[in-house]
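Below is one structure, written out as C-alpha cells; the observations come after it.
Since the model is a prediction, treat every value here as computed from it, not as a measurement.
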Amino acid sequence: MVSGRKEPTVETLRHSTSHVMAQAVKSLFPDAKFGIGPSIEDGFYYDFELPRALTPEDLTLIMEKMKEIVAADVPFVREEIDRAKAQGLFADQPYKLELINELPDEKMTIYTQGEFTDLCRGPHVKSSGKLKAFKLTNIAGAYWRGDEKRPMLQRIYGVAFETEAELEAHLIRVAEANKRDHRKLGKELDLYSLHEEFGPGLVMWHPKGAMVRQIVEDFWRAEHCRRGYDIVYTPHIAKLDLWKTSGHWDNYRDNLYSPMDIDGQDYIVKPMNCPGHIIIYKTQLRSYRNLPLRMAELGTVYRYERSGVLHGLARVRGFTQDDAHIFCRADQIRDEVANVVDLSQFMMKTFGFNDYKMLLSTRPEKAIGSLPQWEEATQALRNVLEVMDIPYEIDPGEGVFYGPKIDIKLTDALGRMWQGPTIQVDFQLPQRFNVNYVGTDGAEHQVIMIHRTVLGSMERFMACLVEQYAGAFPVWLAPIQVTIIPIADRHIDYANQVAGSLKEMDVRVRVDDRTERMNMKIREAQLEKVPYMFVIGDKEVASNAVSVRLRTGEDLGSVQVSDFIDRVNTIIKEKSCDSL
RNA sequence: GCCAGCGUAGCUCAGUGGUAGAGCAGUGGUUUCGUAAACCACCGGUCGUCGGUUCAAAUCCGACCGCUGGCUCCA
C-alpha cells in the first residue's frame with residue numbers, strides 16, 4: 001500500500017500520538033464515544049464523550065497508559081473497508097457513524113493498533129514504539145463539529161515532538177511566552193486593571209498605561225492629519241432608530257446593550273462610530289470635488305461580549321477604535337484602499353510588528369445588499385492586495401454584514417491571533433442613510449464608504465504591544481524613559497537639576513529620591529523596565545556628568561549630560577523599535 | 001453562553017473540619033550607601049458573595065459573581 005521508506009513527518013507522529021491517547025482512554029473508559037483526533041500545531045487533540053468529567057489526575061493515568069502502549073511497540077495496521085463494514089464496525093460509535101455516512105467514497109480506511117481501531121485516512125507511524133516525546137497538556141470542552149447546538153465533548157490536548165529535547169525546548173518556550181502575557185505584565189508594570197465591582201471587560205487605564213496610550217494616540221493623530229484625514233468627535237449614545245436604519249439592530253442585536261429611556265425615546269450606547277460620521281457628512285451637500293472625505297475618530301464603543309470570551313485587554317466590552325470612514329466615489333476605491341493598506345503597514349512597521357497575517361474576508365451568511373455589489377467590493381479589495389503584491393489568505397464568510405474586508409491579524413505571545421487593523425468596503429450604509437454627492441453631471445450619486453482602523457482598538461493594540469516587547473517598550477513609548485538615581489541625599493539637588501534639563505527636552509524622567517540604597521533603586525527601575533538609569537554620586541556631581549546604566553544591564557559609565565540628551569533625543573525621534 | 005479548573009492580606013502564595021500564616025508591598029525608626037533586594041519594629045484578611053450541613057467550615061454541599069484554559073461567538 002503505502003511505501004514505507006520515507007521518514008514519517010512530525011504531523012504523522014502527532015496524529016499517531018492522538019490515536020495512542022485514544023487507545024489509552026478506551027482502556028480506562030471502555031464506554032467512551034470517540035469524536036475526532038487530528039494533529040495540530042505542536043501537538044494533537046482528541047475529543048471524547050465520557051461517562052464523567054475528566055480530572056487532571058486522569059491525564060496522569062492516561063499518560064502512563066500511553067507509555068505502556070509505546071513500550072509494547074504495537075504496530076499500526078491499515079485496512080481498507082467498505083461503508084457497510086465500517087457501519088458495522090462502529091455500530092456503537094455515533095460520532096464515527098456520522099462521519100462514515102458523510103464520506104463521499106464507498107471505500108474507507110481504518111487503522112488498528114492493539115485492541116483499538118479507528119476510522120482514519122492516515123498515514124501513521126509503523127508502530128507505537130516510534131513515539132518518543134509527548135505530554136498531555138490540558139482538558140477542554142469542545143462542541144461536536146464545532147456546533148454550539150450539538151453535544152459538548154471532552155477534548156484532551158497534548159504536545160508531541162520527535163525528540164525529548166524538542167519537547168523540552170517547546171515547554172520552555174511556552175513558559176517564556178507566559179511571562180510576556182499582557183495580563184501579567186499589565187499588573188506588574190501597573191499599566192491597567194479590570195474590576196469585578198466596576199464590571200467585567202471594562203478597562204481602567206493607570207497612569208503608565210495611559211501614558212503609553214497617549215503617545216500612541218498623539219502619533220496616530222499626527223500621522224492621520226499628515227495623510228489627509230479630518231479628526232472628529234461624536235457622542236457615546238444615540239437614538240435607537242439610528243441603529244435600526246443602519247441594520248445593526250436587526251443583524252447584531254445580541255452584541256448591543258439594552259436601550260435606555262430618555263424623555264420617552266429609546267437610546268443605546270454606541271457599538272460603532274459610523275452613523276455619527278455619516279451624520280456629519282450629511283450636514284452639507286457634498287460635491288464630487290470634496291471627495292474623498294476622510295473622517296477619523298478615536299471613538300469609544302461598547303459591545304456585549306459573552307462572558308467566556310473576555311480576555312485581558314485583548315477582548316473587552318468597552319474599547320476605543322482608531323476609527324475612520326472614507327467617503328469616496330467608486331473610481332476612488334482602489335486608491336483609497338491602497339492608501340489604507342499602506343498606512344496600516346506603516347503603523348505595523350513603526351510599532352515593530354512583523355508577525356502578522358493579511359486576510360480577505362468574504363460574504364457571510366447574514367448579510368445585506370445584493371450579490372453583485374458584494375462581488376464588486378470583494379474584487380476591489382482583492383485587486384489592491386494583488387497590485388501591491390501583498391500575500392494574503394481568503395477567510396471565507398468572515399466579512400461584516402454590510403461588506404467584505406481586509407483584516408490584519410496579530411499574533412500574541414502564546415500564538416493566538418487577534419484581529420487588529422481592518423478595512424471594509426461598504427455600499428450598504430450609504431444606501432440606508434442616503435449618503436450622496438453631487439457629480440459632474442449635477443445629479444446626486446451614492447457615495448461609497450470605507451470603514452477602517454489601522455491599529456484595531458487601543459486596548460487590543462496595547463495588549464499586543466506589551467507582549468511584543470515583553471513590557472520593555474521602545475524608548476519613544478516607554479512611560480518613564482529615564483530614572484535618575486542619586487546615591488545619597490546630598491546628590492538629590494544635582495539629580496533634580498539634571499532632571500530639569502531632560503524635561504526641557506520633553507524626556508519623561510523621574511528622580512528616585514527615596515531614602516533607599518542605590519541597589520534597591522536600580523533593582524526597581526530594572527523591574528519597571530525603564531530604558532535608562534542615571535546613577536549620580538560624588539564623581540558625577542563634580543564632573544557635571546551622569547553614570548548611565550541601560551535596562552539590558554550594560555553600564556555605559558560616566559557620560560556628559562548634554563551628550564546623552566542628544567543621544568536619547570535621536571533615539572526618540574527615530575522611534576527606534578530596538579529595545580534601546 | 002457551554003465544559004473543566006480556580007478564587008485566602010495591595011501582590012505572590014502556604015494552610016484537607018477545631019480560634020487565619022509567610023515573603024514582598026505599606027507605616028514608624030535606624031542606616032547615606034557606587035550598578036538587581038540594608039536592618040529593627042509595627043500595621044494589615046467578615047478566606048469572592050449568599051445560603052446549607054455540622055457542636056464547630058477557609059476547608060464539606062448548593063446557587064450566584066469573577067478569573068483561567070478551551071469550545072462557540074467576535075461589526
Length of the [atom1]-[atom2] vector between [X] and [N], whole Å:
X	N	atom1	atom2	value
A:L54	B:G70	CG	P	17 Å
A:Q154	B:C3	CD	C1'	7 Å
A:I40	B:C71	CD1	P	9 Å
A:E524	B:C24	CD	P	13 Å
A:E188	B:A36	CD	P	20 Å
A:R517	B:U32	CZ	C1'	11 Å
A:R551	B:A36	CZ	P	17 Å
A:E528	B:A25	CD	P	14 Å

*If each of A:E540 and A:R183 is mapped to the nucleotide of RNA chain B with the nearest heavy atom, which maps nearer the 5' terminus, i.e. the 5' end?*
A:E540

_Using heavy-atom distances to pick each residue's nearest nucleotide on RNA chain B, tell me which of A:R306 and A:M152 is more 5'._
A:M152

Ignoring backbone atoms, test whether [X] places a side-chain nitrogen or oxygen under 4.0 Å from the OP1 or OP2 oxygen of [N].
X	N	result
A:H491	B:C33	no
A:Y304	B:C73	no
A:R549	B:A36	yes

Looking at [X] and [Y], would you say the former's side chain and the latter's main chain have a donor-acceptor pair under 3.5 Å?
X	Y	result
A:Y402	A:I368	no
A:H451	A:A324	no
A:K96	A:G35	yes
A:Q481	A:V475	yes
A:K521	A:D512	yes
A:E459	A:T320	yes

Determine the contact category for [X]: base if any of its heavy atoms lies under 4.0 Å from a base atom, sugar-phosphate if only primed atoms, P, OP1 or OP2 are that close, otherwise nothing.
X	answer
A:V400	sugar-phosphate
A:P271	base
A:F401	nothing
A:L256	base
A:L527	base
A:R317	nothing
A:Q424	sugar-phosphate
A:Y402	sugar-phosphate
A:G537	base
A:A142	sugar-phosphate
A:T55	nothing
A:K187	sugar-phosphate
A:D489	base
A:D555	base

*Partner of A:D181 by side-chain hydrogen bond (donor to acceptor under 3.5 Å, both in side chains), out of A:K179, A:R183, A:K184*: A:R183

What nucleotide, of [options], holds the atom closest to the side chain of [X]?
X	options	answer
A:R523	B:C67, B:A36, B:C33	B:A36
A:T515	B:U72, B:A36, B:C33	B:C33
A:Q526	B:U32, B:G70, B:A36	B:A36
A:R416	B:C71, B:G69, B:G34	B:G69
A:P200	B:G66, B:G34, B:G1	B:G66
A:D538	B:A4, B:G34, B:A38	B:G34
A:M520	B:G34, B:G66, B:A37	B:A37

Pair [X] and [Y], ring centroids less than 6.0 Å apart:
X	Y	value
A:Y252	A:F401	yes
A:Y532	A:F564	yes
A:F353	A:F461	yes

Which whole number of Å gives the distance between the [atom1] atom of [N] and that of [M]?
N	M	atom1	result
B:C60	B:G18	C1'	15 Å
B:C67	B:U54	P	35 Å
B:G7	B:G62	P	15 Å
B:C24	B:U59	C1'	26 Å
B:C74	B:C6	P	31 Å
B:A20	B:A58	P	8 Å
B:A41	B:A63	P	48 Å
B:C61	B:U53	P	15 Å

Let's test your reading of the model: under 3.5 Å, does the base of [N] pair with the side chain of [X] as donor and acceptor?
X	N	result
A:R315	B:C73	yes
A:Y143	B:G70	no
A:R155	B:C3	no

*Taking Watson-Crick and G-U wobble pairs with both distances under 3.5 Å, convert RNA chain B into its dot-bracket string, 5' to 3', dots for unpaired and | for cross-strand pairs.*
(((((((..((((....[..)))).(((((.......))))).....(((((..]....))))))))))))....

*asked:* Any residue in residues 236-253 of chain A with a heavy atom nearer than 4.0 angstrom to RNA chain B? Just list them by number, or reply none.
replied: A:H248, A:Y252

_Pair A:K405-A:D407, salt bridge (charged side-chain N to carboxylate O under 4.0 Å, His left out): steps then yes or no_ = CA-CA 6 Å; A:K405 57 177 182 167; A:D407 285 334; 3.1 Å; yes

*asked:* Measuring from atom CG of A:L256 to atom NZ of A:K270, what distance do you get when rounded to the nearest 0.5 angstrom?
replied: 14.0 Å

_Below 30° counts as parallel, above 60° as perpendicular, anything between as tilted: where do the rings of A:H182 and A:H311 land?_
tilted

*Mark yes or no: A:R150 above the aromatic ring of A:Y143, with NZ or CZ under 6.0 Å from the six-membered ring centre and no more than 45 degrees from the axis.*
no

